[in-house]
S.K.: 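After the C-alpha cells below, expect a handful of questions from me.
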Amino acid sequence: MIRIKTAIVMLVIAAAAFLGIGGRCFYLQYFCREFYQKSSEKSQHSNFIEQTRRGAILDCRGRTLAASVPLETIFAEPRAISDLKAVANELSEILDISASEITEKVLAGRNPGYAPVAREITLTDEQRKAIRKIRGIGVETKWKRSYPLGRTAAHVVGFVGTDGKALAGIELKYNKLLSGKTGKSTFFSDVARRPIGLEENKSFAADGSDIVLTIDAVIQEFTRSALSKQITRYNAESGFAVVMNPCTGAVLSMVSLPDFDPETLADADANSMGNHLISDPFEPGSIFKPIVAAWAVDSGVFKQNDVVFCENGRYAGKGFGRIGEYRDGFGHLSIGDILAFSSNIGMTKIGQKMGAKKIYEGIKFFGFGVKTGIDLPGEEPGIIWPLKRWDGYSVARIPYGHEVLVTGMQIAKAYCVLANDGKIIKPYLAKAVIDTSSSQTKIISPKPLGGCVINSETSRWLVRQALSNAVKKGTGKRAALKKYQVWGKTGTANIAKSTGKGYDESNYVASFAGGVPAKDPAIVVLVSIRKPNRKLGLGYTGGSVAAPVVNEILDKSLGYLQSGN
Amino acid sequence: MKNTFDNNKLADSIAALVVTLIGFGAVFVFSASARVGADYDWKNFYNYLELRQLFFCILAIAVMLAVSLFNYKWLAFKSVRPSGLIQNPLSWLLLISIALLVIVLIPGLGTEVNYARRWLRVPAGPITINFQPSELAKWALVFFLSAVSAKLGEKLRLFKKSFLPLIILIGLVLGLIIIEDFGTTAFLGAISFTILLVAGAKWWHFITPIPVLAGVLTLAIIKSPERIERITAFLSPTDASSQAAGYQVEQSLTAISTGGLLGKGLGRGISKYGHLPEDTTDFIFAIVAEEMGFIGVVAVVLLFILFIILGVMTIHRCRDNFGRLLAFAIVLTIASQAAINLGVVTRLLPTKGIALPFISAGGSHLLLAAAAVGILINITRNSSGKTQ
C-alpha cells in the first residue's frame with residue numbers, strides 16, 4: 001500500500017526546488033553582480049603603495065643641495081599580537097632596544113593598529129628580513145628630505161613639507177620631475193588583509209629625476225656670507241643678492257635675507273620665507289638710470305658724447321616739480337658722467353627730451369613690468385603704469401628710478417643685457433634633468449633667444465666707459481677690484497611711505513648693480529640692502545653699503561672660478 | 001530503445017553520477033582550503049582538511065561499491081515481533097546511534113565545534129577520527145522507518161499499534177538531536193513523516209505529532225539567542241549585515257554574485273581566503289558559484305536533478321515495497337538535504353548547519369551518504385521488473 005504517486009510528487013517538488021535555486025543564482029550572478037562587486041571591493045581589495053625616492057637637487061658641479069634619505073620606522077600592530085612578551089623579546093634581539101621598552105611602547109599606543117616602536121632609524125637588510133618574520137610587527141620606510149647647505153640656498157632650493165608636499169622654490173617648480181611616479185598595486189586580500197597571489201593591477205613606480213642647477217654652492221656661500229655680514233653690520237631690515245652669467249642668463253647664486261632653515265620649518269619666521277629678489281617689487285632708484293640712458297642713446301635722442309647742463313643742482317618747473325641731487329649740484333656733464341656721478345637732474349633732462357613714449361618703450365623693451373620667466377614660483381611682474389597715466393612728474397622721475405616698481409630679478413636681467421652686448425637673455429636656474437632609472441641627462445636650460453634690446457655699440461660704451469667710470473671715479477668706488485675693471489651703478493632709493501603719498505626720508509634701499517670684467521663681462525651682480533640703519537653713522541647709500549658687498553662677492557668668486565678652471 | 005537501458009545500466013549511471021559529485025566535491029574542497037603562504041607538512045597529511053577529504057572521497061567510492069554488492073533484502077524485517085526486530089541489523093544500527101547520541105552529550109566525551117557538541121573524537125593511532133553521531137542516527141532512522149513501514153504494510157494504518165510507537169521512536173531520536181542540532185532535527189522530522197506518509201500511514205494521524213513537533217521546535221528557537229539571531233538575520237538581511245549570522249550569508253551572496261556567469265576561474269576565488277566562513281563545509285556551493293559562475297551552478301543543480309530522475313526510475317522499476325520505500329527514502333534524504341543547503345547558501349532559507357551531500361568537506365556524512373547510495377544501487381540492480 002505504498003503511495004508511489006505521492007513519492008514521485010515529493011521528488012518532483014525537490015527537483016523543482018533545484019530549478020528555483022538555479023534561477024536564484026542567475027538572478028544573483030547576472031543582475032546583482034555589479035552591486036556585490038562594488039560592495040566587496042572594500043573588504044576584498046588592498047592597495048600597496050610604493051613610495052619612490054624624490055630626486056636630488058644638485059648644484060652646477062654636482063654638489064647636493066637637496067636629497068632624500070630613507071629612514072625606517074618600526075611599528076607594532078597591537079591587535080595582531082597575542083604574546084607581547086615573546087614578540088618584544090624577539091624584536092629586542094634584532095634591534096638594540098630592550099624588551100621592556102618595546103612592551104611599554106606597544107602598550108602606550110592608543111591605536112590598536114599602529115604603535116611605533118622605533119622611529120626614523122636605518123636598518124640592515126638582515127634586520128629588515130628578521131623583523132618582517134615577526135607577526136604583528138611591521139616596518140615602514142619614509143623618505144626624509146635633507147638639505148646639506150641648510151639656510152644658504154634655502155630660497156632657491158625651496159622646501160618640502162612634512163607630508164612630502166613641495167611648497168617652495170625649485171622643489172615646487174620642478175615637483176613633477178622630482179617626485180617621480182608612485183607605484184600603486186591593487187591586490188586581492190584575505191580577511192586579515194594579507195595579499196593573495198592574484199594581483200589585479202599595478203602601476204609601475206619610477207624614482208624622481210635629479211635636477212641640476214646653475215647655482216654654484218661655493219659662490220652661493222660667498223654671496224650669502226658677504227650679504228649677511230653687511231646686513232648685520234648695518235642693522236638692515238632685509239637684503240638680496242644675485243650673481244649671474246650675463247651671456248647665458250644662468251643664475252650662479254641667489255640669496256634673500258632673512259632666510260630660514262628648510263629642515264626645521266616649524267621654527268621659521270613667516271617673514272623669512274619670501275624670496276625678495278623675485279617677489280618684492282621696489283622703486284629701484286639710481287640703478288635704473290643706465291636703462292633709460294642706454295635707450296636714450298640707442299634710440300638716437302642723444303649721442304654718446306652729448307653734454308647736458310645739470311642746472312647746478314637746482315631744477316624746478318611747472319608740471320614736474322622740484323628735482324634735487326643727492327649731494328652737490330653739477331654743471332655740464334656728459335651722458336656718461338651723469339651716470340658716473342649719478343645726477344638726477346641730468347637724467348630728468350634726458351627723460352624730458354626723450355618724452356614719455358620713448359621712455360616707456362625703452363623700459364618695456366628691457367623687460368620691466370613683465371615677469372622675467374625665471375624658473376621659480378612666486379615671481380611678481382612689478383608695475384609700470386600705462387602711458388596714459390604718465391604726466392610731467394613721471395617723465396621727470398622715472399629716468400632716475402622712481403614711480404616704477406621693479407623686482408631685483410628684472411634689474412639683474414637688464415644688467416645682463418647691458419653686459420651681453422645688448423642681446424636678450426632669460427634668467428634660469430635648472431640646466432639639466434637626470435633620469436635616475438636610465439641615467440640619461442637631458443639639458444633643459446632655455447635656448448639662446450637671439451634678439452637684441454640695444455645695439456652692441458651702445459652697450460659697450462655703457463659698460464666699458466660710463467659704468468666703468470662710475471666705479472673708477474664716481475659713486476661706486478668701493479666695488480673696485482685691483483686686477484679687473486669692475487663696472488656698475490649705485491642706487492640709493494627712497495622708500496615710499498606705506499601710508500600713501502610721499503617718501504620716508506630716513507629709510508633707503510641701498511643697491512649696487514654691475515659686473516666684471518668690463519671687457520668681456522663674465523659675471524653680473526646685484527646687491528640690494530633695505531633700510532640700513534642711518535643712526536649707526538656708517539652710511540646708507542648704495543656706494544657705501546652695497547658696493548663693498550659686491551666687491552667681496554666678485555673678488556672671491558673670480559678667484560674661485562679661476563682656480564677651478 | 002528501452003531495452004538498452006536495463007537495470008544494470010541504470011545502477012551504473014547512479015554510481016557514475018555519485019562518483020562525479022564526489023569528485024566535484026573533492027576539487028572544490030581542495031580549492032576552498034587554499035591558504036595564504038603555507039606549505040604542506042606531508043607527515044601530518046591527515047591534519048590538512050583537503051588531503052583528508054581526498055582520502056575520504058576514495059574511501060567513500062569504495063564503500064559505495066562495496067555496499068552495492070550486498071543484497072538490500074538482507075535489511076528487510078522478517079517480522080515486527082520483538083524476535084524479528086532483534087535479528088535485524090537496522091535495529092542494532094538505530095540502537096547504537098541512540099547510544100552514541102547519548103554519549104556525545106556527556107561533557108568530556110563529546111567535542112564542541114562552533115559552540116555545538118555534535119562530535120565524537122576517537123583517537124586512532126597517530127590520527128584522530130572526528131565522528132558526528134547525528135549523521136549516523138539520521139540514516140539509521142530513515143532506514144529503520146522504511147524497513148518497518150514496509151513490513152507493517154496495511155498495519156501502518158493502525159494508530160495505536162503501529163503509528164504511535166513509531167512516532168515515539170522518532171520523537172526519542174529527534175529529542176536527542178535537538179539539544180545540539182536544530183537544523184538536522186527539523187529536517188529529519190520532516191523526512192521521517194514523509195516516509196511514513198508515503199509508506200501508507202493515514203494522513204490525519206499526523207494531526208497529533210505535527211503540533212507537538214512544531215511546538216518543540218519553536219521552543220528550541222526561543223531558548224537559543226543564536227537561533228533567533230539567525231532567523232532575524234534572515235528576515236531583515238539589510239540591517240543585519242554586520243551581525244555574525246548575517247555576515248556569513250552576505251559573504252556567501254557576495255561570493256556567488258561576483259562569480260558572474262562564467263566565474264572567476266577554478267582556484268581564483270577570493271572569498272575562500274577568510275572572507276566566507278565555513279567555505280569548505282556548509283558554504284562550499286558559494287565557492288563553486290564564485291569560481292565556476294553560473295555554469296558551475298547549472299552543473300551542480302543538473303547533477304542533483306539527474307540524481308532525482310534516476311531515483312524515480314528506480315522507484316518506478318522496483319516491484320518490492322521495501323525496495324521502493326528504501327529507494328525513495330534515500331533519494332529524498334539526499335535530494336532534500338542538498339536543496340536545503342543550496343537554499344541556505346543563496347539566502348532562500350535561514351542559516352542552519354546542513355552540509356551539501358557528496359560535495360561539502362567531512363568524513364562521516366560523505367561515507368554514510370555513499371553507503372546509502374550503495375544500497376540504492378543494489379535496489380536498482382535487483383529490481384525484478386525488467387522494463388518491457
Side-chain angles (χ1 to χ4, degrees), chain A residues 1-48 80 129 132-135 186-201, chain B residues 34-37 149-150 153-154 156-157 194 197-200 250-251 253-261 263-264 268 270-276 285 289 293-294 297-298 300-302 304-305 308-309 311-312 315-316 321 324-325 328 331-332 335-336 338-340 342-343 345-348:
Chain A
M1 193 42 225
I2 288 185
R3 298 188 176 113
I4 285 288
K5 272 185 193 159
T6 314
I8 289 170
V9 166
M10 289 283 180
L11 293 177
V12 167
I13 289 170
F18 279 105
L19 289 178
I21 286 155
R24 166 78 172 161
C25 286
F26 185 79
Y27 169 74
L28 287 172
Q29 294 181 315
Y30 189 76
F31 294 105
C32 304
R33 190 182 178 190
E34 229 166 280
F35 170 78
Y36 282 103
Q37 195 85 46
K38 227 173 181 181
S39 72
S40 71
E41 215 113 283
K42 241 189 193 167
S43 59
Q44 298 194 346
H45 285 77
S46 289
N47 293 322
F48 176 70
K129 229 176 177 178
R132 291 235 161 98
K133 277 189 188 148
I134 308 174
R135 211 189 138 103
T186 306
F187 284 96
F188 287 111
S189 59
D190 74 355
V191 80
R193 296 237 164 249
R194 282 170 299 191
I196 302 165
L198 308 164
E199 202 169 302
E200 206 180 42
N201 58 59
Chain B
R35 284 168 293 260
V36 175
S149 329
E154 290 290 320
L156 189 60
R157 300 168 71 90
T194 309
L197 186 70
V198 168
E250 199 59 35
Q251 287 299 317
L253 294 188
T254 300
I256 295 168
S257 186
T258 55
L261 295 183
K264 293 177 183 170
R268 298 184 70 86
I270 306 301
S271 299
K272 61 193 181 189
Y273 294 100
H275 299 291
L276 174 64
F285 181 70
F294 187 62
V297 170
V298 169
V300 172
V301 163
L302 285 185
F304 276 108
I305 290 178
I308 293 172
I309 292 170
V312 169
I315 296 163
H316 188 72
N321 270 356
R324 279 176 164 181
L325 202 54
F328 168 71
V331 175
L332 180 74
S336 54
I340 289 169
L342 300 194
V345 172
T346 55
R347 207 172 65 196
L348 294 169

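Because only heavy atoms are used, hydrogens play no part in the values below, and waters and symmetry mates are left out as well, while side chains stay in. The chains referred to below are lettered A, B, ... by the order of the sequence lines, with proteins before strands, and numbering in each begins at 1.
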S.K.: What part of Ala255(B) gets within 4.5 angstrom of chain A, counting heavy atoms only: side chain, backbone, both, or neither?
M.R.: neither
S.K.: When you compare the side chain of Phe26(A) with that of Leu261(B), does any pair of heavy atoms fall below 4.5 Å?
M.R.: yes
S.K.: How long is the gap from OH on Tyr36(A) to CD on Gln251(B), to the nearest 0.5 Å?
M.R.: 10.5 Å
S.K.: Less than 4.5 Å to any heavy atom of chain A: does that hold for the side chain of Val298(B), its backbone, both, or neither?
M.R.: neither
S.K.: So, Gln29(A) side chain and Ala289(B) main chain: donor-acceptor pair closer than 3.5 Å or not?
M.R.: yes
S.K.: Count the heavy-atom pairs under 4.5 Å between each of Gly20(A), Ser39(A), Ala16(A), Gly22(A) and chain B, then report the option with the highest count.
M.R.: Gly22(A)
S.K.: Please report the shortest heavy-atom distance between Val198(B) and Ala7(A), naming the atom on each side.
M.R.: CG1-CB, 3.8 Å
S.K.: Quick check: closest heavy atoms across Arg33(A) and Thr258(B), and the distance to 0.1 Å?
M.R.: NE-O, 3.8 Å
S.K.: Phe18(A): which residues meet the ring pair (Phe, Tyr, Trp, His ring centres under 6.0 Å) condition with it, sequence neighbours left out?
M.R.: Phe304(B)
S.K.: Please flag which part of Arg24(A) lies under 4.5 Å from any non-hydrogen atom of chain B: side chain, backbone, both or neither.
M.R.: side chain
S.K.: Measuring heavy-atom distances to chain A, does Thr194(B) have an atom under 4.5 Å in its side chain, in its backbone, in both, or in neither?
M.R.: side chain
S.K.: Of all heavy-atom pairs between Val301(B) and Leu19(A), which one has the smallest distance, and what is that distance?
M.R.: CG1-N, 4.4 Å
S.K.: Chain B heavy atoms under 4.5 Å from Leu11(A): which part of the residue, side chain, backbone, both or neither?
M.R.: both
S.K.: Looking at residues at least two apart in the chain, or sitting in another chain, which of them share a side chain to side chain contact (heavy atoms under 4.5 Å, CB included) with Ile309(B)?
M.R.: Ile305(B), Met313(B)
S.K.: State, to 0.1 Å, how close Leu28(A) and Leu253(B) come at their nearest heavy-atom pair, and which atoms those are.
M.R.: CD1-CD2, 3.7 Å
S.K.: For Leu197(B), is it the side chain, the backbone, both, or neither that has a heavy atom closer than 4.5 Å to a heavy atom of chain A?
M.R.: both
S.K.: If you round to the nearest 0.5 Å, how far is CD1 of Ile13(A) from OG of Ser336(B)?
M.R.: 11.5 Å
S.K.: Roughly how far apart are Ser257(B) OG and Phe31(A) CZ, rounded to 0.5 Å?
M.R.: 11.5 Å
S.K.: In terms of heavy-atom pairs under 4.5 Å with chain B, which of Cys32(A), Ser189(A), Cys25(A) leads?
M.R.: Cys25(A)
S.K.: Taking all heavy atoms of Gly343(B) and all of Ile21(A), pick out the closest pair and write down the distance.
M.R.: N-CD1, 4.0 Å
